[in-house]
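Handing you this structure, nothing more for now.
Keep in mind that what you see is a predicted model, and the values were worked out from it rather than measured. Heads up: numbering here begins at 1 and tracks the sequence.
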Amino acid sequence: VSASGSYPQKFIALYDYDPMTQSPNDNPETELAFCEGEIIDVTGPMDEDQYYPAEVGGRYGLVPSNFVESLKENSRSKDHDGTLAREDSTEATIATLLAQAAENVSQKDPKKKKVPTATLR
């Protein structure tokens, strides 16, 4: 996963991450905790330790590059022959990712009530 160009860039968390229990580093307090499906603003290029500087929910710190993926990268899908094809609409991809994240959250907490969807009249 690479982030090049202008910042911030939108990334999505591929897995839950708690640096206090999962980090191999001596200073896990410099890293950010996040949940699978959470949108992360990467604020600069990857460092030599493979971490991105980032912002999550108003908190700033480092995120491991192997736990996140650029929304640009995530908007690709595999064709029937296994090659990557880019989706036409970034907005549709983001909407799909947000719906998947909401579904993941509701699956993790079965007691949580589902929010009804609005209907057009």
What are the two closest non-hydrogen atoms of Tyr51 and Asn25, and how far apart are they?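 Shortest heavy-atom separation between Tyr51 and Asn25 comes out as OH-ND2, 3.0 Å.
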Could you pull out the closest heavy-atom pair between Val42 and Tyr52, with the gap in Å?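 Nearest pair, atom of Val42 first, then Tyr52: CG1-CD2, 3.7 Å.
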Test side chain to side chain contact (heavy atoms under 4.5 Å, CB included) on Ile39 and Ile12; report intermediate values, then the result. CA-CA 5 Å; Ile39 302 300; Ile12 189 163; 4.3 Å; yes
Stepwise, does the side chain to side chain contact (heavy atoms under 4.5 Å, CB included) test hold for Glu36 with Tyr17? CA-CA 8 Å; Glu36 178 182 343; Tyr17 182 67; over 6 Å; no
To check you understand the geometry: which heavy-atom pair defines the closest contact between Thr43 and Ala54, and what is its length?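 So the minimum-distance heavy-atom pair works out to OG1-N, 3.6 Å.
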For Pro28 versus Ser23, what's the shortest heavy-atom pair and its separation?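 So the minimum-distance heavy-atom pair works out to CB-CB, 3.9 Å.
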Donor-acceptor pair, Asp41 side chain versus Lys10 backbone, under 3.5 Å?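 It does not hold such a pair.
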Which heavy atom in Val68 sits nearest to a heavy atom in Phe34, and how many Å separate them?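 For Val68 and Phe34, the tightest heavy-atom pair comes out as CG1-CZ, 4.1 Å.
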How long is the gap from CG on Leu32 to CG on Asp18, to the nearest 0.5 Å?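 Atom-to-atom, Leu32:CG and Asp18:CG are 11.5 Å apart.
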Nearest 0.5 Å, please: how far is OH in Tyr15 from CD in Glu69?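 So the gap between those two atoms works out to 9.0 Å.
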I'd like to know if the side chain of Arg59 reaches the main chain of Ala33, judged simply by a donor and an acceptor atom lying under 3.5 Å from each other, with no hydrogens or angles considered.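 Such a contact is found between Arg59 side chain and Ala33 backbone.
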Do Tyr60 and Ile40 sit in the same hydrophobic cluster, where Ile, Leu, Val, Met, Phe, Trp and Tyr count as joined when their side-chain heavy atoms come under 4.5 Å apart?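 They do not share one cluster, since no chain of ILVMFWY contacts under 4.5 Å joins Tyr60 to Ile40.
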Asp47 side chain to Gln50 backbone, donor-acceptor under 3.5 Å: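 Indeed, once roles are kept as given, a pair shorter than 3.5 Å links the two residues.
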Considering all heavy atoms of both residues, which atom of Glu38 and which atom of Val56 are nearest to each other, and what is their separation?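 The pair with the smallest heavy-atom distance is OE2-CG1, 3.1 Å.
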Apply side chain to side chain contact (heavy atoms under 4.5 Å, CB included) to the pair Glu29 and Met20, showing each step before the final yes or no. CA-CA 7 Å; Glu29 64 277 357; Met20 295 307 178; 3.9 Å; yes
